[in-house]
Amino acid sequence: MSTERESLNFIEEIIEEDIKNGKHGGLVYTRFPPEPNGYLHIGHAKAIVLNFEIAQKYGGKTNLRLDDTNPTTEDTHFVENIKQDIQWLGFQWENGELYASDYFGKLYEYAVDLVKKGLAYVDDSTPEEIAEMKGDISVPGTESPYRNRSIEENLELLEGMKNGDYPDGSRVLRAKIDMASPNMHMRDPILYRIKHEDHHRTGGEWCIYPMYDFAHGQSDSIEGITHSLCSLEFRHHRPLYDWFIEKLEIFPSRQIEFARMNVEYMITSKRKLKRLVEEGFVTGWDDPRMPTIAGMRRRGYPAAAIREFCRRAGIAKRENLIEIGLLEYCVRQELNKTADRVMAVLDPVKVVITNYPEGQVEEMEVENNPEDESAGNRMVPFSREIYIERDDFMENPPPPKKFYRLGPDRMVRLKGAYIIECNDVVKDESGKITELHCTYFPESRSGSDTSGLKVKGTIHWVSAEHAKEVEVRMYDRLFTDPTPTSHEDKDFLEFFNEDSLKKITAKVEPALPHAEPGTTYQFLRKGYFCLDPDSTEDHLVFNSTVNLRDTWSKMKKN
RNA sequence: AGACCCAUGGUGUAAUUGGUAACACAGCAGAUUUUGGUUCUGUCGUUCUAGGUUCGAGUCCUAGUGGGUCUACCA
């Protein structure tokens, strides 16, 4: 029995308090409310995981609601991508997907209700005048000359707005609250604006559209959302959120703000992400370097790893910058359990095993995943000429205690095969190593080693005549600075990492199949690599997902 | 400038709600290893400052400092 008390984040504390008090009969109902005007990114992933998992934890439900109150920027095309991304992350929402636009009729009724209660009015001021009268952060606003129109006149004008009697921008409906409030959002916020524009779902039915503040909270309320989780910058909207609930006398959803997650080397501004795509820095929204869900999926980050990352990042109200290393840790942890191993040589140098019979081929049995016995074994052909990693040979190596790979007169084990010893180094005129001549020890065969030889190093290899060539796209972080958007004097694109993509050709085991795109392998001793959709039957393309931890390269630096 | 929010190791989050500051990642050292991976062990290091309340403060109060947010007919 554990006496360990589970620690709760501050939102869970609020929820448990609510449950204890029998609020909403103990129901927990959350929602994920993206605006369908772009692709989902890592920040959305955080919100998705939070909303769905916290509801799951307390036996509740979660809605997906597309917040589509601005016909100018929103599009059905984004809706499909959003749905796909959420499902890929492993979540399913209730009630089919919902839309704020489903409630346009109801919202209009609410507006009429407020007018009738003398709590809203039609303002004929220009946008400039409204901004002017709003005052300043430290200067109280002034009341609009239209603020005290009669209820009848307001009703008539609102009706006219709805019927399309007035041009765009000529009038707005505002709440009548307090022009002197220290909270700018309470200074008679705009509820409705006129936009003679077709909406992606309601078409030409409406020419007035509700603002965020008049749509979001009421949508929560209509859906019976108990806990409406949003990011910190909406803190100042909360009094307004609550004001509408009180005045409209509707279901009291509660807004709770948490700090959005920032991750090193990632940006989450839709506008900036768009620039990366449109200015050709990346190949698209799903470029494997992008912090979009589509990009991370293509990169090979498992959904389970992204979920785990979001959980580990935690929930709080303070500014944060999560180290990218944590994400990579989660990715490796997941892939270590699930990815089959395969040998691939990324930077090949040829090895000729001079005492191995020419023309002879042996099939070596190698385990697919030492972490998962059920993954079974595979056969890998071995022959007289093989490729090994250029890195795995050093002509003037440090003492064997430090470097235990191949060097002149040194021995290593070829994974799943024999121990070899290097006898000769062949170079071209420029001094570049072109071949290594080695001898092997026939009695050192893997699994039946009677040689008595002991070597510290084991390296991967691929038979030269059997090797298959594949394209490998090596990815590095998108930016050279962990917070590229934090420099006031510099555009974030100045920190674009020109080396964030390098395409190379690698030699891999011949049996590597043209599997389903997204299939991830561990290239032994190198990292995890994921089959890209660009692959064809005779041209496989792999994306580097994440490198293996590499304590050797760390030692080299020191 | 005003209002609101925030401040715990390098990073992120905890601390039985006032009772010996912990967990994970990162770092370092070692063991194991036919992946310099995985796994395991050890280790480094933390309460913004100054007052106050209290037997006792990371926690409560006051002030200061530092950071964030807010003045779109965007969400």
Side-chain angles (χ1 to χ4, degrees), chain A residues 3-5 7-9 13 33-35 37 67-70 72-74 100 123 125-127 130-131 134-141 168-174 181-185 187 189-195 208-209 211-213 215-216 230-239 257 259 261 264 270 312-330 332-333 336-337 341 343 366-367 370-371 402-405 412-417 419 444 446-447 449 455-460 522-527 547-555:
Chain A
T3 53
E4 196 77 358
R5 202 185 136 100
S7 77
L8 304 174
N9 65 51
E13 279 180 12
E35 185 187 8
N37 71 346
D67 217 339
D68 56 350
T69 55
N70 185 356
T72 320
T73 56
E74 294 148 5
D123 195 332
S125 308
T126 64
I130 290 179
K134 201 138 199 173
D136 200 85
I137 222 154
S138 54
V139 180
D168 286 8
S170 59
R171 291 183 223 265
V172 291
L173 182 74
R174 301 178 72 179
S181 171
N183 181 346
M184 300 298 289
H185 297 281
R187 320 247 263 229
I190 293 172
L191 273 31
Y192 267 99
R193 76 281 212 184
I194 302 172
K195 272 181 190 258
I208 56 172
Y209 293 94
M211 299 289 291
Y212 165 84
D213 282 307
H216 196 100
C230 64
S231 50
L232 245 30
E233 65 266 31
F234 291 97
R235 173 64 186 86
H236 302 290
H237 295 248
R238 195 165 81 211
E257 310 89 16
M261 177 176 73
E264 286 179 343
K270 277 181 195 167
R312 283 176 180 256
I315 303 293
K317 294 179 79 167
R318 66 178 106 135
E319 284 293 308
N320 60 77
L321 180 63
I322 316 286
E323 290 176 340
I324 192 75
L326 182 64
L327 211 206
E328 295 178 341
Y329 167 82
C330 293
R332 287 191 197 103
Q333 181 187 245
N336 179 48
K337 294 183 297 192
R341 274 59 168 171
M343 292 197 280
V366 186
E367 78 274 10
E371 303 296 314
K402 188 131 196 203
F403 179 82
Y404 33 88
R405 301 180 186 177
V412 285
R413 150 100 39 209
L414 296 172
K415 173 73 180 176
I419 291 173
S444 68
S446 187
D449 186 347
V455 293
K456 181 80 175 154
T458 299
I459 64 175
H460 60 282
Q522 183 193 107
F523 287 1
L524 211 67
R525 302 205 307 131
K526 300 308 287 186
N547 291 337
L548 251 29
R549 276 185 64 200
D550 188 354
T551 49
W552 164 243
S553 73
K554 245 183 271 173
M555 283 170 64

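Everything numeric here is computed off the predicted structure, so don't read it as measured data. Both backbone and side-chain heavy atoms feed into the values below; hydrogens, waters and symmetry mates do not. We name chains A, B, ... by the order of the sequence lines, and we start the count at 1 in each one.
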Participant: Identify whether any heavy atom of Asp213(A) sits under 4.0 Å from a base atom; if not, whether one sits that close to sugar-phosphate; answer base, sugar-phosphate or nothing.
Facilitator: nothing
Participant: Give the stems involving RNA chain B, where a stem is 3 or more consecutive Watson-Crick or G-U wobble pairs (i with j, i+1 with j-1, and so on) under 3.5 Å.
Facilitator: B:2-7 with B:65-70, B:10-13 with B:22-25, B:27-31 with B:39-43, B:48-52 with B:60-64
Participant: Using a 4.0 Å heavy-atom cut-off, does Ile419(A) contact any base of the nucleic acid, only the sugar-phosphate backbone, or nothing at all?
Facilitator: nothing
Participant: Would you say C74(B) has OP1 or OP2 under 4.0 Å from some side-chain N or O of Arg193(A)?
Facilitator: yes
Participant: If I take atom OH in residue Tyr404(A) and atom C1' in nucleotide G37(B), what distance separates them, rounded to the nearest angstrom?
Facilitator: 11 Å
Participant: Answer with yes or no whether Ser446(A) presents, from its side chain, a donor or acceptor under 3.5 Å of a partner atom in the base of U34(B).
Facilitator: yes
Participant: Below 4.0 angstrom from OP1 or OP2 of G37(B), is there any side-chain N or O of Thr551(A)?
Facilitator: yes
Participant: Rounded to the nearest angstrom, tell me the gap between atom CZ in Arg405(A) and atom C1' in U35(B).
Facilitator: 10 Å
Participant: Is there a stack between Trp552(A) and G36(B), judged by ring centres under 5.5 Å and planes under 30°?
Facilitator: yes
Participant: Side-chain N or O of Lys554(A) less than 4.0 angstrom from OP1 or OP2 on G27(B)?
Facilitator: yes
Participant: Quick check on C25(B): is either OP1 or OP2 less than 4.0 Å from any side-chain nitrogen or oxygen of Tyr329(A)?
Facilitator: yes
Participant: Just the rounded figure in Å: distance from C1' of A24(B) to CD of Glu328(A).
Facilitator: 16 Å
Participant: Please write out each protein N/O paired with an N/O of nucleotides 68-71 of chain B under 3.5 Å, distance rounded to 0.1 Å.
Facilitator:
| from | atom 1 | to | atom 2 | distance (Å) |
| --- | --- | --- | --- | --- |
| G68(B) | O2' | Glu319(A) | OE2 | 3.4 |
| U69(B) | O2 | His236(A) | NE2 | 2.7 |
| C70(B) | O2' | His185(A) | NE2 | 3.4 |
| U71(B) | O2 | Asp136(A) | OD1 | 3.3 |

Participant: Just to confirm, is there a sub-4.0 Å distance from OP1 or OP2 of G36(B) to any side-chain nitrogen or oxygen of Arg525(A)?
Facilitator: yes
